[in-house]
Novice: 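Have a look at this one.
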Amino acid sequence: MKMNFRRIFLVKCMLLLFPSVKCSTTNWIYTAVNETTFFSIAAAGSVYDATWVRDRIKLLQIKDKNVKYYANKEQCRCKVFLNGTLQIRQVVKEDSGTYKVTVYQPDGKLKAEEYTVFTVQEPVPQPILSAECRNKTVSVVCEVKQKTKNETFTMELTQDKIKKIQKNATRLEMHMRSSGTFRCVVKNQVSEKMAEKVIKCSGQLDLYLILSIAGGAVFLVIFVILLIYCIRKKKAERLEDDDDERMTRARQVDSEMVARELPQPQCNPTPKQLRVQQRPLPQPQVQQQALPPRPRPRTQQRTPNHPRERP
């Protein structure tokens with residue numbers, strides 16, 4: 001505890017003795033080749049005197065709005081603005097390095113001192129994705145053909161949730177037991193390129209394919225059974241219809257033969273037939289006691305009528 005208090009007291013004394021001392025800051029900037037980049041100053045307020053240095057080599061200075069170049073302006077391809085921002089056009093890999101800016105106040109006191117680590121990178125090459133089926137496994141290879149010396153990038157090979165990462169490699173290989181979609185990504189701080197491919201081995205049957213084949217076979221068997229049943233049912237119905245038709249024809253022939261043998265009833269009955277039809281039916285007679293036979297009456301002979309004579 002005593003050592004901590006001593007350190008705190010020492011820092012406070014340094015701040016009191018040197019109040020104008022500012023802490024330096026460091027920034028990192030990445031830019032692709034042939035692009036334009038800007039180095040800004042984080043210190044607030046206007047800039048009176050600012051000097052830009054790259055790797056201890058002075059580039060330029062702006063003081064009281066006047067610019068002074070220490071390096072060749074054409075080779076430097078640099079420019080400074082009134083707020084102290086440095087611009088470099090069409091950067092090349094040789095422009096990489098540590099840049100330092102020192103800012104002073106009009107009274108000569110140090111206002112700020114900032115460092116920027118600048119890196120120029122080339123775009124990453126296009127990855128090539130290939131696969132090979134070996135003994136029920138899938139061997140996937142991601143590789144790049146073009147690689148510049150001292151070029152740094154990261155290579156990622158993924159399949160679903162499985163990922164394999166390697167830095168500064170030109171070849172990355174992965175062995176899997178299942179097919180699917182594989183993706184290879186090559187990237188650095190300024191660019192990123194990707195290759196994606198769906199890989200399926202012909203000798204590898206997954207569960208869904210097996211179930212699909214089995215389901216299709218079952219459906220085909222059921223369809224054939226239903227087709228045979230429908231054909232037999234249709235044939236039986238046709239035979240029944242033929243039997244019914246034959247029976248109907250036989251009945252019609254029998255009825256025609258009977259109609260030919262029986263006399264045809266008269267359409268308009270005669271008056272005699274009407275009287276016979278209207279005559280009441282005989283009532284049943286009640287048995288009477290046997291009576292003795294009565295004598296037959298005598299018949300009187302009629303005298304012939306003679307014609308009268310005229311007087």
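Owing to the predicted nature of the structure, the values given are computational and were not obtained by experimental measurement.
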Novice: So, Arg77 side chain and Gln75 main chain: donor-acceptor pair closer than 3.5 Å or not?
Specialist: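 Judged by distance alone, yes, a pair lies under 3.5 Å.
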Novice: Evaluate side-chain contact (heavy atoms from CB on, under 4.5 Å) for Thr37 paired with Tyr30, printing each intermediate quantity in order.
Specialist: CA-CA 9 Å; Thr37 188; Tyr30 296 88; over 6 Å; no
Novice: Between Arg89 and Glu35 (salt bridge meaning N to carboxylate O under 4.0 Å), is one present in this structure?
Specialist: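 No, Arg89 and Glu35 are not salt-bridged.
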Novice: Judged by atom type as modelled, is there a donor-acceptor pair below 3.5 Å linking the side chain of Asp160 to the main-chain atoms of Ile162?
Specialist: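 Flag not set: sc Asp160 to bb Ile162 has no pair under 3.5 Å.
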Novice: Given 3.5 Å as the limit, does a donor-acceptor pair link the side chain of Ser96 with the main chain of Val120, or not?
Specialist: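 Here the side-chain-to-backbone pair exists.
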Novice: Quick check: does any side chain N or O of Asp49 sit under 3.5 Å from a backbone N or O of Pro106, one acting as donor and the other as acceptor?
Specialist: no
Novice: Would you check if the side chain of Asp95 reaches a backbone N or O of Ile88 as a donor-acceptor pair within less than 3.5 Å?
Specialist: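 Between the backbone of Ile88 and the side chain of Asp95 there is no qualifying donor-acceptor contact (under 3.5 Å).
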Novice: Quick one: salt bridge (Lys or Arg N to Asp or Glu O under 4.0 Å) partners of Glu192, sequence neighbours excluded?
Specialist: none
Novice: Please step through side-chain hydrogen bond (donor to acceptor under 3.5 Å, both in side chains) for the pair Glu173 and Ser139, ending with a clear verdict.
Specialist: CA-CA 7 Å; Glu173 190 171 354; Ser139 178; 3.1 Å; yes
Novice: Does the side chain of Gln90 come under 3.5 Å of the side chain of Thr36 through a donor N or O and an acceptor N or O?
Specialist: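 Distance-only check fails for Gln90 and Thr36.
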Novice: Do the side chains of Glu114 and Lys100 get close enough for a salt bridge, i.e. N-O under 4.0 angstrom?
Specialist: no
Novice: Drop me the distance from Lys167's NZ to Thr154's OG1, to the nearest 0.5 angstrom.
Specialist: 5.5 Å
Novice: Has the side chain of Ser191 got a donor or acceptor atom that lies under 3.5 Å from a matching backbone atom of Val124?
Specialist: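 Here the side-chain-to-backbone pair exists.
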Novice: With no hydrogens and no angle check, is any side-chain donor or acceptor of Trp28 less than 3.5 Å from a backbone partner on Thr119?
Specialist: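 Flag not set: sc Trp28 to bb Thr119 has no pair under 3.5 Å.
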Novice: Is it the case that the side chains of Tyr70 and Gln61 hold a donor-acceptor pair, with the cut-off being a distance below 3.5 Å and no angle test?
Specialist: yes
Novice: What about Phe39 and Phe118, are their ring centers closer than 6.0 Å?
Specialist: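 Yes, the ring of Phe39 comes within the 6.0 Å limit of the ring of Phe118, centre to centre.
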Novice: Taking Glu156 as the fixed residue, which of Lys164, Arg183, Lys187, Lys193 is the one that meets the salt bridge (Lys or Arg N to Asp or Glu O under 4.0 Å) rule?
Specialist: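 Filter result, single survivor: Lys187.
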Novice: Does the pair Glu237/Lys235 count as a salt bridge with the N-to-O cut at 4.0 Å?
Specialist: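 No, this pair does not count.
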